[in-house]
Amino acid sequence: VFHKNDSVTRSLTENNEQICPDFDGFGNVYVMGVPIRDHSNNDEKIGVLMVYRDRSKSDMFDDRDLHSAELLCSIAATTLRNVSLFNAANEKEKQSQKILSIIDEMSGDVSQG
């Protein structure tokens with residue numbers, strides 16, 4: 001999903017380490033993977049949403065599920081981008097305050113002369 005930058009739904013009937021190496025002992029599941037893309041940055045891939053569903057308890061993922069997951073990923077990407085922008089603005093504010101503090105100290109030294 002991450003490398004192809006495309007959503008996928010599959011039915012798995014055996015353990016597949018390539019799909020999810022951190023999920024032990026699953027089999028007989030439906031899996032849906034959706035890339036999280038930053039649309040404001042040339043569709044840069046920033047993650048993947050993976051959803052698993054037990055085949056014995058429910059149906060395969062449908063187009064509505066996929067659309068909902070893609071919408072959720074779009075919201076997540078926007079939120080992550082906003083957090084990044086907020087942090088960058090916060091850092092710039094801290095740097096500006098530091099510079100203004102230094103200028104203020106220097107101007108006090110000159111006027112006391």
Of all heavy-atom pairs between Asp38 and Ser40, which one has the smallest distance, and what is that distance?
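Heavy-atom minimum between the residues: OD1-OG, 2.7 Å.
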>> Could you report the tightest heavy-atom contact between Tyr52 and Val31, atom names first, then the distance?
In response: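 Shortest heavy-atom separation between Tyr52 and Val31 comes out as CE2-CG2, 3.3 Å.
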- Message: Whether the side chain of Asn42 engages the backbone of Glu44 through a donor-acceptor N/O pair (distance < 3.5 Å, no angle test) should be reported.
- Response: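 Pair absent, no side-chain N/O of Asn42 close to backbone of Glu44.
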Does atom CG (Asn82) have a neighbourhood of more than 12 heavy atoms from anything else shown, all under 6.0 Å?
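Above 12, so yes.
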Just distance, no hydrogens or angles: give the donor-acceptor pairs under 3.5 Å from side chains in residues 68-79, sequence neighbours left out.
unit_1	atom_1	unit_2	atom_2	d
Ser68	OG	Arg64	O	3.0
Glu70	OE2	Ser7	OG	2.9
Thr78	OG1	Ser74	O	3.0
Thr79	OG1	Ile75	O	2.9

request  = First locate atom CZ of Arg53, then atom CG of Asp59, and finally report the distance between them rounded to the nearest 0.5 Å.
outcome  =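 The CZ atom of Arg53 sits 7.5 Å away from the CG atom of Asp59.
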Does [X] share a hydrophobic cluster with [Y], counting links as ILVMFWY side-chain heavy atoms below 4.5 Å and allowing steps through other members?
X: Met50; Y: Val29; result: yes
X: Ile46; Y: Val48; result: no
X: Leu66; Y: Ile36; result: no

- Item | By salt bridge (Lys or Arg N to Asp or Glu O under 4.0 Å) - contacts of Arg37 (at least two apart) |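 By the salt bridge (Lys or Arg N to Asp or Glu O under 4.0 Å) rule, Arg37 matches no residue at all.
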What side-chain donor-acceptor pairs closer than 3.5 Å can you find for residues 83-93, not counting sequence neighbours?
unit_1	atom_1	unit_2	atom_2	d
Asn87	ND2	Val83	O	3.4
Glu93	OE2	Gln97	NE2	2.9

